[in-house]
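First the structure, in the form of structure tokens, and then the observations on it.
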Amino acid sequence: MNTSAAVPTARPLRLSTAAPEFESSFAQRLHWSAETDSAIEQRVADILADVRRRGDAAVLEYTARFDGLQSTDLRSLELSQSELQAAFDGLPGAQRDALERAARRVRSYHEAQKKASGESWTYRDEDGTLLGQKVTPLDRVGIYVPGGKAAYPSSVLMNAIPAHVAGVAEIIMVVPTPRGEKNPLVLAAAYVAGVTRAFTIGGAQAVAALAYGTDTVPRVDKITGPGNAYVASAKKHVFGTVGIDMIAGPSEILVLADGSTPADWVAMDLFSQAEHDELAQSILLCPDAAYIDAVQREIDRLLPAMPRASIIARSLNDRGALILTRDMQEACAISNRIAPEHLEVSSSDPHRWEPLLRHAGAIFLGAWTSESLGDYCAGPNHVLPTSGTARFSSPLGVYDFQKRSSLIEVSPAGAQQLGTIAAELAYGEGLQAHARAAEMRLSDVPPMRAAQ
């Protein structure tokens, strides 16, 4: 029987920046709409309203409907700490070791991040007034972790550990377990990362439970973590009631290559994002046409052996690109326009190009630094801005689980200086009570003026 038709092929779009049609073709390949289907938006709004109104009962009803998990008491869907530890203890030794080593590296990175940018500070000016900033953690956060077939223990580490390092007192994890299928690595990761409470619920109903609180699920201050279109829509809806990390789009990788890295390494790096889903985007920028040809040959050679070959092929065919640039400087400029989630600088001298790169979620320097190492165990967070939002946003970090309060302690001498300034401006704005509150602290209190 001839099975050749079942073997997928991948032909990423070939572009050259020197071609007249480059700009239009490039823009069309980059385009992706983040708009959620209107039917999903309405369904999510209905679920959120129902959970807000009926609490546990609504969460149980939707969990039974969408996950096939029947229960009459939401407390039965909470995972105990002993169950999390049992999942960890039951892992093969190599998995336990890898999980713990990854967690140590992620924790070490975020501890350094906290020291660099997350501390309180004060100073006194010349008249003795104290000014400063007080950094405090959020009280309670919720982390959403995909479950079932799409189970990501690495997402547990990347969301829970920076929250733990920030000093968050309670970390509430929700993870769907369709038909009751619990992933031991996810549960073990929750144990290693210090998750406080965990519930086997998911979807928009889990987001609603975290945002509004129910009799069983506590209300949180912020929700982080990836999910499907329903989860993303629900997070968007509850923003303002709680904080959220971001609305994530499809995964992306951009490889800047000078031709010095083995072509099969780069081909597999492109696969590493394409295998996430058909909407993922993998792009190569390189000034060497022969090298681009070599990467395409490796794509052809390696693809048939990949378990997710059909997904990779669809992603590369629909959204992938191999782009010939005039030089590496131009490649860096195009990279800044794309502002990718993951940016690999696959060069023999990556530090030559790094200063030119302004917009990226994470930058991976050198041929030995595969993006997958950042996904699992390098240390920096893998929750990154997508869809060009790296132009104005940052990776998830300790700072996402902290808030800042300004500190002001005005000295008697300082009140004399600041009071006259504040009063003048307040009168100008027509706010006499503001002005008078400042003037009453002056040693020589003037009569109240009319608003200007």
A side-chain contact here means heavy atoms from C-beta on lying under 4.5 Å apart; do Pro12 and Ser282 qualify? no
Please name all residues satisfying salt bridge (charged side-chain N to carboxylate O under 4.0 Å, His left out) with Glu278, sequence neighbours left out, ordered by chain then number. none
Name the one of Ile143, Ile171, Ile244 that satisfies side chain to side chain contact (heavy atoms under 4.5 Å, CB included) with Thr224? Ile143
Taking salt bridge (charged side-chain N to carboxylate O under 4.0 Å, His left out) as the definition, give me every residue that meets it alongside Asp318, ordered by chain and number, with sequence neighbours left out. Arg314
Pair Asp89, Tyr191: side-chain N/O donor-acceptor within cut-off below 3.5 Å: no
When every non-hydrogen atom of Gly203 is compared with those of Tyr144, the smallest separation belongs to N-OH, 2.8 Å
Is Val192 close to Phe88 at the side-chain level, that is, under 4.5 Å between some pair of heavy atoms? yes
Is it true that a side-chain atom of Asp221 and a backbone atom of Arg140 form a donor plus acceptor pair closer than 3.5 Å? yes
Ion pair check, Lys114 and Glu111, cut-off under 4.0 Å: no
Heavy-atom closest pair, residues Ala390 and Ala360: CB-C, 3.7 Å
Could you go through Leu256 and Trp353, starting from their C-alpha distance and side-chain angles, then the distance that decides it, and tell me whether this counts as side chain to side chain contact (heavy atoms under 4.5 Å, CB included)? CA-CA 9 Å; Leu256 303 186; Trp353 310 115; 5.6 Å; no
Should Arg197 and Glu78 count as an ion pair when the cut-off is N to O under 4.0 Å? yes
Identify each donor-acceptor pair in which a side-chain atom of residues 330-345 lies under 3.5 Å from a protein atom, sequence neighbours left out, and give them as a table.
from, atom 1, to, atom 2, distance (Å)
Glu330, OE1, Thr17, OG1, 2.7
Glu330, OE1, Arg326, N, 2.7
Glu330, OE2, Thr17, OG1, 3.4
Glu330, OE2, Arg326, NH1, 2.6
Asn336, OD1, Arg358, N, 2.8
Asn336, OD1, His359, N, 3.3
Asn336, ND2, Cys332, O, 3.4
Asn336, ND2, Leu356, O, 2.9
Arg337, NH1, Glu23, OE2, 3.2
Arg337, NH2, Glu23, OE1, 2.8
Glu341, OE1, Ser251, OG, 3.2
Glu341, OE1, Glu252, N, 2.8
His342, ND1, Glu252, O, 2.6
His342, NE2, Glu371, OE2, 3.1
Glu344, OE2, Glu371, N, 2.8

Can you name the residues that form a ring-ring contact (aromatic ring centres under 6.0 Å, His included) with Trp265, not counting sequence neighbours? Trp368
Below 4.5 Å, heavy atoms only, C-beta onward: do Met328 and Arg352 meet side chain to side chain? no
Is it the case that more than 12 heavy atoms not belonging to Phe66 sit under 6.0 Å from its CZ atom? yes
Can you tell me if Ser24 uses its side chain to pair, donor with acceptor, with the backbone of Glu21 under 3.5 Å? yes
Do the side-chain N and O atoms of Glu41 and Ser233 include a donor-acceptor pair separated by under 3.5 angstrom? yes
Just verifying a value: how many Å separate Leu324 CG and Ile292 CD1, rounded to the nearest 0.5 Å? 4.5 Å
Verify the distance criterion only: is there a donor paired with an acceptor across the side chains of Lys182 and Thr200 at less than 3.5 Å? no
Taking the side chain as every heavy atom from C-beta outward, state whether Leu284 and Ile323 have any atom pair closer than 4.5 Å. no
Going through the checks in order, is the side chain to side chain contact (heavy atoms under 4.5 Å, CB included) test met by Val217 and Val59? CA-CA 10 Å; Val217 181; Val59 174; 5.8 Å; no
One pair to check against side chain to side chain contact (heavy atoms under 4.5 Å, CB included): Lys134 and Thr136. What are the steps and the verdict? CA-CA 6 Å; Lys134 181 178 182 179; Thr136 54; 3.8 Å; yes
Could you check whether any side-chain N or O of Gln281 sits under 3.5 Å from a backbone N or O of Arg319, counting only pairs where one atom can act as donor and the other as acceptor? yes
Only pairs under 3.5 Å count here: list side-chain donor-acceptor contacts from residues 392-401, not counting sequence neighbours, and write none if there are none.
from, atom 1, to, atom 2, distance (Å)
Ser393, OG, Thr389, O, 2.6
Tyr399, OH, Pro395, O, 2.8
Asp400, OD2, Gly397, N, 2.9

Validation row: Leu130, Ile408 side chains within 4.5 angstrom (heavy atoms): no
Interatomic distance, Asp349 atom CG to Asp258 atom CG [nearest 0.5 angstrom]: 8.5 Å
Flag the pair Lys222 and Asp245 as a salt bridge only when some basic side-chain nitrogen lies within less than 4.0 angstrom of an acidic carboxylate oxygen. no
Let me have the donor-acceptor pairs involving side chains of residues 302-310, under 3.5 Å, with sequence neighbours excluded, atom names and distances please.
from, atom 1, to, atom 2, distance (Å)
Arg308, NE, Glu275, O, 2.8
Arg308, NH2, Glu275, O, 3.0
Arg308, NH2, His276, O, 3.4

Heavy-atom distance under 4.5 Å between the side chains of Gln85 and Gln81, does that happen here? no
Using modelled atom types only, decide if a donor and an acceptor are shared between the side chain of Arg391 and the backbone of Gly388 within a distance under 3.5 Å. yes
Looking only at heavy atoms, which two atoms of Ser347 and Ser260 are closest? And how far apart? C-OG, 3.7 Å
Smallest separation among heavy atoms of Ser370 and Phe364, with atom names: O-CD2, 4.0 Å
Tell me if the CD atom of Glu119 is crowded by more than 12 foreign heavy atoms within 6.0 Å. yes
Do the side chain of His164 and the main chain of Ala160 share a donor and acceptor less than 3.5 angstrom apart? no
Does Arg101, at its CZ atom, have more than 12 non-hydrogen atoms belonging to other residues, nucleotides or ligands within less than 6.0 Å? no
Do the non-hydrogen side-chain atoms of Asn381 and Pro162 ever get within less than 4.5 Å of each other? yes
For residues Ala209 and Ile201, report the shortest heavy-atom separation together with the two atoms involved. CB-CD1, 4.5 Å
Reported OG1-to-OH distance for the pair Thr129 and Tyr123, which is rounded to 0.5 angstrom: 9.5 Å
Would you say the side-chain atoms of Ser108 pair up with the backbone N or O of Arg105, donor to acceptor, closer than 3.5 Å? no
Note: Ala103 and Ile161 closest approach over all heavy atoms is O-CD1, 3.7 Å
